[in-house]
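Note sheet for the following structure.
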There are 2 protein chains.
Amino acid sequence: MESDTRQRMIETAAVVMRERGVEATSFSEVIARSGAPRGSIYHHFPGGKAQLIEEATRYAGEYTASSIANALWQDDPIAAIRAASATWLKLLRKSDFGAGCPVVAASLDPTQPSGAREAAGEAFSRWQRALAEALEPHVLEPERARSLATLIISSIEGAVVLSRATRSLTPLERVAAELEGLLAGAITR
Amino acid sequence: MESDTRQRMIETAAVVMRERGVEATSFSEVIARSGAPRGSIYHHFPGGKAQLIEEATRYAGEYTASSIANALWQDDPIAAIRAASATWLKLLRKSDFGAGCPVVAASLDPTQPSGAREAAGEAFSRWQRALAEALEPHVLEPERARSLATLIISSIEGAVVLSRATRSLTPLERVAAELEGLLAGAITR
DNA sequence: GTCTATACGAAGATAGAC
DNA sequence: GTCTATCTTCGTATAGAC
């Protein structure tokens with residue numbers, strides 16, 4: 001199946017991006033890790049590296065959007081935050097602080113112009129919107145739901161950066177605890 | 001003066017890092033922007049690029065640490081947060097969302113091993129500690145001061161990432177507003 | 001301290017055979 | 001769809017003159 005190799009390359013690219021960033025996500029690395037054949041790169045991705053990175057960013061953005069929607073569908077917002085931080089803590093531990101967020105990596109792509117940066121922006125917007133919509137029934141003002149959603153996404157992404165840099169789970173643990181407390185106070189029913 | 005060229009290269013490297021990341025911070029770029037002479041690179045930085053990036057990271061980390069200490073010395077914590085977000089908003093606007101945090105960039109350096117990543121971790125730790133110490137007199141528990149400090153640093157760094165990616169000041173504005181409200185509630189006197 | 005020249009390797013991309 | 005070979009560009013780094 002052709003789309004099998006193709007999809008494997010996209011998912012591998014997202015993994016390398018999360019570990020080492022966009023620039024270090026070379027074809028050689030993706031080929032080596034995915035087992036995909038060298039000769040078919042430009043068959044699957046005629047747009048070259050830019051296309052691969054952009055598709056990997058969209059894939060990662062949608063994957064996370066689904067996870068967020070899923071968590072919010074079966075839990076209240078506080079439990080969803082707790083689940084999200086638990087997932088991140090597990091990944092940081094498992095990767096020995098080697099893995100971060102592929103969408104953050106894409107947002108820092110220095111290429112010009114960069115479809116990856118745009119895709120990252122769209123992903124962040126979607127995540128914020130989904131979270132804000134879930135919070136809206138629980139708070140007094142819709143604008144409060146939006147600002148809480150933005151704070152949650154921003155602080156978790158930032159905490160992952162700090163945790164990786166300091167090689168410590170503490171930043172993310174502290175942020176998760178503060179967010180839970182803040183939400184508990186802000187939610188009316 | 002020899003240290004003049006050297007210092008100019010360090011500061012230029014920090015600027016390029018904040019705009020385009022560590023990997024894209026090439027000697028060619030630093031030379032072009034700083035006006036430093038090509039031939040003296042390895043005279044000033046015998047450790048090559050790794051040394052330049054590491055020194056630029058330390059420089060940026062200490063520069064920001066001073067700014068934080070300064071703001072906390074002459075203002076209360078809430079005013080300091082407001083000043084910090086104003087500074088970031090101005091930079092984002094002025095750079096048309098082209099500039100982020102050089103320490104975040106350093107923390108994502110894929111090089112192995114990376115003195116820049118370590119320097120970034122130390123910078124984040126220092127900033128958190130300074131902020132926590134300033135908050136401690138205002139809250140009931142020292143641990144609360146620490147978790148608030150971590151939330152503040154993480155969420156601002158994260159919001160800068162989101163603002164750049166979405167090319168909008170809104171994420172940072174929302175985060176700043178939420179942080180102010182949270183601090184107002186957490187501070188006892 | 002600074003110059004020029006150059007070695008070396010990595011990576012993206014293309015061409016043409018099978 | 002996949003292979004091999006090759007081109008080109010770029011970036012780090014070194015050597016040796018001035």
Compare all side-chain heavy atoms of B:Ile152 with those of B:Ile81 and state whether any distance is below 4.5 angstrom. yes
Once you round it to whole Å, what is the distance between [atom2] of [N] and [atom1] of [X]?
X	N	atom1	atom2	result
A:Arg6	D:dT2	CZ	C1'	16 Å
A:His43	C:dT14	NE2	C1'	16 Å
A:Glu29	C:dG12	CD	C1'	15 Å
B:Arg38	C:dC3	CZ	P	10 Å
B:Ile41	C:dT4	CD1	P	12 Å
B:His44	C:dC3	NE2	P	10 Å
A:Tyr42	C:dG16	OH	C1'	16 Å

Which nucleotide wins on minimum distance to the side chain of [X], given the candidates [options]?
X	options	value
A:Ser28	C:dA11, C:dA13, C:dC3	C:dA11
A:Phe27	D:dG11, C:dG12, C:dT2	C:dG12
B:Ser26	C:dG12, D:dG11, C:dT2	D:dG11

Which residues in residues 48-57 of chain A have a heavy atom closer than 4.0 Å to any atom of DNA chain C? A:Gly48, A:Lys49
Excluding sequence neighbours, so at least two apart, what forms ring-ring contact (aromatic ring centres under 6.0 Å, His included) with B:Tyr63? none
Can you give me the closest heavy-atom contact between A:Arg33 and A:Glu19, atom names plus distance? NH2-OE1, 2.9 Å
Which heavy atom of B:Gly61 sits nearest a heavy atom of B:Ala123, and at what distance? CA-CB, 3.9 Å
Do B:Ser147 and A:Arg174 pair up side chain to side chain, a donor and an acceptor below 3.5 Å, judged on atom types alone? no
Step through it carefully: locate the ring centre of B:Phe27, locate the ring centre of B:Tyr42, and say whether they are under 6.0 Å apart. yes
